[in-house]
*Asks:* 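Below: one structure in structure tokens.
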Amino acid sequence: MEAIILQILNGLDKGSAYALIALGLTLIFGTLGVVNFAHGALFMMGAFVAVTLKRVLSISFDTIDETRIDFLGNPMVVSTPYVEVWFGPSVGGTIIDWAVPLAVIVAIPIMALIGIIMERGLIRHFYKRPHADQILVTFGLAIVLQEIIKAFYGANPIPTPSPEAFIGSYDFGVLLGFDPFSIMYPYWRLVYFGFAAVIIGAVFAFLRFTTFGMVVRAGMEDREMVGLLGIDIDRRFVIMFAIAAVVAGLAGVMYAPILSPNYHMGMDFLVLSFVVVVVGGMGSLPGAVAAGFLLGVLQSFASMSEIIELVPGINQVVIYLVAVIVLLIRPRGLLGRKGVMED
Amino acid sequence: MSKGNFTRRSMLMASATTGAALAMPTIFSSAVWADGHTGFTNAPGDSSVTLGFNVPQTGAYADEGADELRAFRLAVAHLNGEGDGGMLNTFSSTVLDGTGIMGRRVEYVTGDTQTASDAARSSARSMIERDGAIMISGGSSSGVAVAVQSLCQDAGVIFMAGLTHANDTTGKDMRANGFRHFFNTEMTGRALAPILEGLYGTDRKVYHLTADYNWGWSQERSIRAYTEGLGWETINSVLTPVGAGDFSSYLTPVANSGADVLILNHYGGDMVNSLTQAVQFGLRDMQANGKNFEIVVPLFSRLMARGAGSAIANIHGSTNWHWSLQDAGSQAFVRSFGTEYGFPPSQAAHTCYVQTLLYADAVTRGGSFNPCAVVEALEGFEFDGMGNGPTLYRADDHQCFKDVLVVRGKENPENEYDLLEIVEVTPRADVTYPVDHPDFAEGQLGTCNPGA
């Protein structure tokens with residue numbers, strides 16, 4: 001029983017990341033009709049906003065400590081962050097410690113700007129081109145972004161821990177009446193799940209309860225008709241692209257303490273997120289979220305050693321297997337609109 | 001006028017005999033390779049010789065590749081008489097004098113292995129066929145090492161392996177033209193087991209997470225044999241896909257498995273992620289079977305330890321070399337490297353630097369660039385002053401036998417390089433295994449191939 005609860009928790013946590021990325025992918029596909037293979041790169045860039053902010057907050061000045069020596073036997077150079085000088089060691093240290101949550105605020109304008117530049121600078125030229133062209137150009141863009149990040153930050157993962165307050169695990173075993181230590185789950189992963197729920201809720205509320213959202217939803221249904229009503233739907237769709245970029249970026253920022261950021265992390269999530277979108281139904285926002293969590297949980301269960309012993313290799317193919325089954329039985333996806341991608 | 005019997009024929013005979021007599025000492029010292037520098041692949045001209053450095057410049061191990069390349073550049077500079085000479089000043093063999101290799105200036109070309117066997121073979125082939133490289137070195141993966149070693153054997157050039165830790169490189173897949181300075185998983189098992197016994201006793205239950213590829217299998221097989229030899233019971237062993245990223249699904253069952261030790265047979269990004277996440281899931285804080293839960297990482301690397309951050313504290317593992325060693329060779333190398341680049345070298349850099357000097361030394365001692373002369377000079381070669389104590393290149397399998405370091409992640413590192421501390425220097429005798437060890441006996445060196 002403990003194992004099942006743990007795998008459900010794992011699945012929800014993994015599914016949160018899938019759902020957030022898939023949500024952005026679906027928004028872009030639903031509004032602009034573009035299959036954006038650079039979306040994983042936006043997730044990765046979000047994680048590197050956290051890395052960058054931590055580095056910026058840690059910018060230091062050097063002093064020589066004559067009492068200590070470095071690896072070459074020279075007097076040790078000691079670095080002291082400016083924030084610790086300006087705000088005192090305690091407050092300054094706390095600011096650096098909270099770099100990841102602070103990066104959420106910083107990432108919103110940065111990711112929106114990146115999204116707008118990406119859309120205006122490149123992707124809009126491919127609206128009327130076939131999906132194959134869109135995939136090629138966005139995939140190329142993803143590789144370019146990856147290489148830029150690698151050139152600046154190197155290829156190895158960069159540890160970006162959560163604030164000290166969230167280090168450690170919560171013992172669900174004691175809470176649920178099982179043995180102590182039987183269901184341990186890291187605080188930060190619980191925070192991530194909560195954060196994802198808030199972001200998903202906010203996007204849905206924005207689309208459901210604002211005039212802007214209503215116009216966007218109308219545009220997703222019938223772009224031409226909304227245009228004929230004199231509404232500049234293109235401008236709104238650009239904003240939606242920026243919002244999708246922000247959602248992916250925020251997902252990446254908060255994921256940095258879970259998976260030490262590296263330049264390739266976006267690509268690892270992208271493929272799975274596309275499967276999530278297809279299973280959920282192209283263009284369906286609830287479908288993307290539901291499929292994200294569903295596939296996250298399924299993948300977690302398939303990674304249990306008991307399951308792998310029964311069906312070797314199932315952990316690596318389960319998501320694709322589910323995608324094949326769903327597409328065979330229901331080509332439009334679980335919650336896809338009739339007629340979308342059914343050909 | 002008397003007509004002497006000094007004919008053209010007799011003059012030629014006399015010349016040949018004199019020439020042969022003059023050449024006698026060289027023939028006997030350099031065996032059959034004294035015929036000069038022809039008859040083998042990429043025989044160099046009189047002015048320069050080209051070496052090929054095949055390292056991961058892209059992909060997950062690009063940082064290690066960059067460090068290997070720095071070390072190669074330094075080795076070339078030292079061979080050409082530039083810089084402070086580094087380990088040339090401490091190497092027990094003294095034939096290298098800073099004038100290149102046998103009077104030829106050392107030049108080099110580089111390739112990108114991408115940590116993929118096909119790409120690595122392709123770049124090695126290009127360096128051999130297009131650039132005329134006479135020796136290939138580098139790499140940060142056993143799969144790549146085995147693939148490139150086989151290519152070099154067929155092409156008739158020497159392969160001086162970089163970072164490769166799987167037994168197969170000098171076991172099942174050994175080749176006459178290939179040489180490994182780096183240690184292997186069998187040596188890790190031999191070095192680590194006594195330390196683990198001292199730390200954690202003989203009554204332990206182990207859960208293995210193992211990277212699902214050649215090196216992971218080799219690492220698990222070795223460490224498992226030695227921990228089971230201590231009396232530790234293997235509870236479970238789970239293969240994880242390479243590059244899994246999120247290991248939570250594999251880690252969560254560990255807590256309820258009855259195990260009290262987790263061995264992570266992971267390297268690179270997988271090690272960084274699995275170790276970090278194991279700590280996040282509270283495994284280090286756990287008690288199981290009345291004991292503290294422990295994590296072991298058999299192959300440690302400082303570059304990877306940096307990625308894992310504070311998660312490495314008090315985690316034990318093994319490593320080939322560490323910059324904090326105090327012997328003269330290590331100090332000389334760290335000084336050269338640190339002065340040139342501003343930070344200490346990694347174990348990958350060290351092994352690549354040493355391999356380059358060893359190749360140059362073997363050519364000089366053998367008196368020829370002919371791969372078969374190099375093989376002969378390296379086989380059974382005993383040396384010192386290169387950072388690992390007295391070392392033997394065993395003739396039977398072309399594996400170096402030397403001391404192995406057992407290290408522990410530092411709890412309070414003073415800086416980003418001060419991550420590991422040496423717990424034990426396991427003597428060479430304790431990590432030397434017999435030639436007919438079951439994990440290695442399957443391999444056959446074959447005969448050297450000079451190519452051409």
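Below, chain A is the first sequence line, B the second, and so on; all start at residue 1.
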*Asks:* Anything in residues 328-336 of chain B with a heavy-atom distance to chain A below 4.5 Å? Please list those residues in order.
*Replies:* B/Val334, B/Arg335
*Asks:* Can you confirm whether B/Asp246 sits close enough to A/Tyr255 that some side-chain heavy atom of one is under 4.5 Å from a side-chain heavy atom of the other?
*Replies:* yes
*Asks:* Heavy-atom pairs under 4.5 Å with chain A are the metric here; pick the option from B/Phe293, B/Trp323, B/Phe343, B/Phe281 that has the most.
*Replies:* B/Phe281
*Asks:* Of all the heavy-atom pairs spanning A/Leu72 and B/Gly338, show the shortest one and how long it is.
*Replies:* CD1-C, 3.9 Å
*Asks:* With a cut-off of 6.0 Å (strictly less than), are more than 12 heavy atoms of other residues, nucleotides or ligands near CZ of A/Phe139?
*Replies:* no
*Asks:* For A/Met265, is it the side chain, the backbone, both, or neither that has a heavy atom closer than 4.5 Å to a heavy atom of chain B?
*Replies:* neither
*Asks:* Could you state the interatomic distance from CG (A/Leu259) to CG (B/Asn273), rounded to the nearest 0.5 Å?
*Replies:* 4.5 Å
*Asks:* Please determine whether the number of non-hydrogen atoms from other residues, nucleotides or ligands lying under 6.0 Å from atom OH of A/Tyr320 exceeds 12.
*Replies:* yes
*Asks:* So, do A/Ile308 and B/Tyr250 sit near enough that their side-chain heavy atoms are less than 4.5 Å apart?
*Replies:* yes
*Asks:* Just jot down the side chain to side chain donor-acceptor pair (under 3.5 Å) partners of A/Tyr153, sequence neighbours excluded, or say none.
*Replies:* A/Thr52
*Asks:* Measure the spacing between CG of B/Asp285 and CG of A/Asp171 and express it to the nearest 0.5 Å.
*Replies:* 11.0 Å
*Asks:* What is the distance from atom CZ of B/Arg284 to atom OG of A/Ser169, rounded to the nearest 0.5 Å?
*Replies:* 13.0 Å
*Asks:* When only pairs under 4.5 Å are counted, which of B/Pro241, B/Ala255, B/Ala288 shares the most heavy-atom pairs with chain A?
*Replies:* B/Pro241
*Asks:* Could you give the side-chain donor-acceptor pairs of residues 8-15 of chain A under 3.5 Å, partners two or more places apart or in another chain?
*Replies:*
| unit_1 | atom_1 | unit_2 | atom_2 | d |
| --- | --- | --- | --- | --- |
| A/Asn10 | OD1 | A/Tyr185 | OH | 3.1 |
| A/Asn10 | ND2 | A/Gln7 | OE1 | 3.2 |
| A/Asn10 | ND2 | B/Ser248 | O | 3.3 |
| A/Asn10 | ND2 | B/Thr252 | OG1 | 2.9 |
| A/Asp13 | OD2 | A/Tyr185 | OH | 3.3 |
| A/Asp13 | OD2 | A/Arg189 | NH1 | 2.6 |
| A/Lys14 | NZ | B/Ser249 | OG | 3.0 |

*Asks:* Who passes side chain to side chain donor-acceptor pair (under 3.5 Å) against B/Asn214, sequence neighbours left out?
*Replies:* B/Asp168
*Asks:* What part of B/Phe337 lies closer than 4.5 angstrom to a heavy atom of chain A: side chain, backbone, both or neither?
*Replies:* neither
*Asks:* Can you tell me how far the CD atom of B/Gln280 sits from the CD1 atom of A/Ile258, to the nearest 0.5 Å?
*Replies:* 7.0 Å
*Asks:* Do you know which of A/Ser300, A/Ser162, A/Ala17, A/Ser79 has the most heavy-atom pairs with chain B at a distance under 4.5 angstrom?
*Replies:* A/Ser300
